[in-house]
There are 2 protein chains.
Amino acid sequence: MATDIGTRLRSVRMVHNLSQRELARRAGVTNATISLIESNKMNPSVGALKRVLDGIPMALAEFFALEMPTRQKAFYAADELTEVGKGSISFRQVGGDLSDRRLQIMVERYAPGADTGRILLRHDGEEGGIVTRGRLEVTIGDQKRILGPGEAYYFDSRQPHRFRNPGNEPCEVVSACTPPTF
Amino acid sequence: MATDIGTRLRSVRMVHNLSQRELARRAGVTNATISLIESNKMNPSVGALKRVLDGIPMALAEFFALEMPTRQKAFYAADELTEVGKGSISFRQVGGDLSDRRLQIMVERYAPGADTGRILLRHDGEEGGIVTRGRLEVTIGDQKRILGPGEAYYFDSRQPHRFRNPGNEPCEVVSACTPPTF
DNA sequence: TTCTGTTGTTAATTATCCTGAACATTTTAC
DNA sequence: GTAAAATGTTCAGGATAATTAACAACAGAA
């Protein structure tokens with residue numbers, strides 16, 4: 001899986017918010033090529049892969065140097081949140097197992113259309129959050145989901161990721177990350 | 001030239017002291033493939049290139065991350081050495097222009113068959129030397145030469161390089177490098 | 001709904017890679 | 001010296017990549 005070109009390309013493309021056709025247009029190849037590469041149904045030439053990556057843009061060295069973390073459970077349904085605490089104060093905890101997790105909790109607010117940008121965020125640590133209001137589009141590696149109130153995410157920050165508010169009402173997220181950003 | 005696969009491959013192969021056929025055998029491809037790739041007469045598939053590099057062995061990421069310094073004058077004939085000093089003490093200086101060159105002079109002695117090994121040496125700085133006795137095979141990037149007494153070399157140490165005594169008599173070299181090794 | 005546009009995938013044709021077997025040179029051994 | 005082995009290169013063929021054009025699934029707007 002370390003040299004799984006298809007998965008790598010799909011992951012990179014998704015994080016940059018490009019469709020197969022859009023990337024193909026920028027790269028000067030056809031969408032079928034992108035599709036076949038991503039599904040590992042063909043073995044692209046170095047030149048073709050370079051052209052594709054130029055459409056990102058990304059260098060070959062960077063592409064092959066990408067670490068591909070093992071996919072982990074990244075999304076939780078609203079009713080999958082573990083209920084912690086009780087009485088007048090109630091916590092709903094994302095991810096049942098907190099062993100080897102150290103988090104700093106935060107509250108984030110995304111204006112309509114707000115976006116962390118096409119550049120892929122990657123840093124050490126882990127992060128997670130719960131959407132409390134509005135909708136949030138979360139991209140993690142090759143997975144992309146639009147989350148609504150009560151839904152949550154949790155992932156290893158070394159995976160390339162991106163956040164965007166696709167709706168036209170503000171979005172509020174209770175999020176957390178480790179180690180403290182900045 | 002930054003993505004000149006042929007030159008990169010040839011350079012790597014030479015430094016590892018492999019013939020096209022020997023590398024082809026290890027990689028499970030034909031020597032024609034190696035030849036065509038190195039002369040940039042074809043655009044290899046990623047899979048094929050990976051197989052070839054496995055025969056080195058070298059990872060794709062490392063291969064594409066290799067910096068390709070601009071080729072510089074690397075070899076000097078015996079009579080190209082600049083005569084410095086005079087009288088009872090005489091220096092023969094490699095490379096006429098010493099501006100932005102800082103060197104530490106050393107004397108090296110290679111027993112018959114001695115070899116710095118197949119691993120590619122690369123480090124910051126520059127190095128040069130003069131063969132005073134015997135013969136020395138010097139590989140610098142994609143250039144390989146066997147030097148005899150009076151002949152010399154000088155190059156940027158970031159280029160992959162290797163030294164070997166191919167003869168059966170001892171070889172003595174007056175060499176120099178910067179910054180001091182160790 | 002129905003339409004329009006976009007998504008990713010798949011089949012058939014064209015273009016290209018990769019091989020297998022030759023070739024000319026050079027190196028090494030005798 | 002010649003012979004034999006090893007080097008890198010080139011050419012015709014079968015294998016494979018990349019294109020073109022179609023397909024089905026889905027989303028959003030009228």
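Values reported hereafter were calculated over all heavy atoms of this structure, with side chains retained and with hydrogens, waters and symmetry mates removed. So you know, we letter chains A, B, ... as the sequences are listed, proteins then strands, and number each from 1. Keep in mind that what you see is a predicted model, and the values were worked out from it rather than measured.
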Subject >> Short side-chain to backbone donor-acceptor contact, B:R51 and B:G28, under 3.5 Å >> reply: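 No: the side chain of B:R51 does not pair with the backbone of B:G28.
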Original post:
Looking at residues at least two apart in the chain, or sitting in another chain, which of them share a side-chain contact (heavy atoms from CB on, under 4.5 Å) with A:S45?
Top reply: A:A48, B:N43
Subject >> Residue list, side-chain contact (heavy atoms from CB on, under 4.5 Å) with B:T30, at least two apart or on another chain >> reply: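 Partners of B:T30 under the side-chain contact (heavy atoms from CB on, under 4.5 Å) test: B:A32, B:T33.
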Subject >> Side-chain N,O (B:S45) to OP1/OP2 (C:dC18) below 4.0 Å >> reply: yes
Original post:
Can you check whether A:K41 has a side-chain N or O nearer than 4.0 Å to OP1 or OP2 of C:dT9?
Top reply: no
Original post:
How would you give the extent of chain B contacts on DNA chain D, as first and last nucleotide 5' to 3' within a 4.0 Å heavy-atom cut-off?
Top reply: D:dT7 to D:dT10
Salt bridge (charged side-chain N to carboxylate O under 4.0 Å, His left out) against [X], all qualifying residues, sequence neighbours excluded:
| X | answer |
| --- | --- |
| B:R21 | none |
| B:E137 | B:R164 |
| B:R135 | none |
| A:E22 | A:R25, A:R26 |

Without decimals, in angstroms, what is the distance between [X] [atom1] and [N] [atom2]?
| X | N | atom1 | atom2 | result |
| --- | --- | --- | --- | --- |
| A:Q20 | C:dT7 | CD | P | 9 Å |
| A:I34 | C:dT10 | CD1 | P | 16 Å |
| A:I37 | C:dT9 | CD1 | C1' | 14 Å |

**OP:** Could you tell me how the ring of B:F64 sits relative to the ring of A:F64: parallel (under 30°), tilted (30 to 60°) or perpendicular (over 60°)?
**Re:**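 Because their plane-to-plane angle is under 30°, the rings of B:F64 and A:F64 count as parallel.
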**OP:** Let me have DNA chain D in dot-bracket notation, would you? Count Watson-Crick plus G-U wobble pairs, both distances under 3.5 Å, and use [ ] for pairs crossing earlier ones and | for inter-strand partners.
**Re:** ||||||||||||..||||||||||||||||
Original post:
Are any of the side-chain nitrogens in A:K50 or A:D54 under 4.0 Å away from the carboxylate oxygens of its partner?
Top reply: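 Salt bridge: yes.
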Subject >> Partner residues of A:S19 under the side chain to side chain donor-acceptor pair (under 3.5 Å) criterion, sequence neighbours left out >> reply: none
Original post:
Who pairs with B:Q20 by side chain to side chain donor-acceptor pair (under 3.5 Å), at least two apart in sequence or on another chain?
Top reply: B:E38
**OP:** Looking at every strand, decide which applies to A:S35 at a 4.0 Å heavy-atom threshold: base, sugar-phosphate, or nothing.
**Re:**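 Base, at least one base heavy atom under 4.0 Å.
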Original post:
Quick one: what's the B/S/- string for nucleotides 19-28 of chain C, heavy-atom cutoff under 4.0 Å, read 5' to 3'?
Top reply: BB-B------
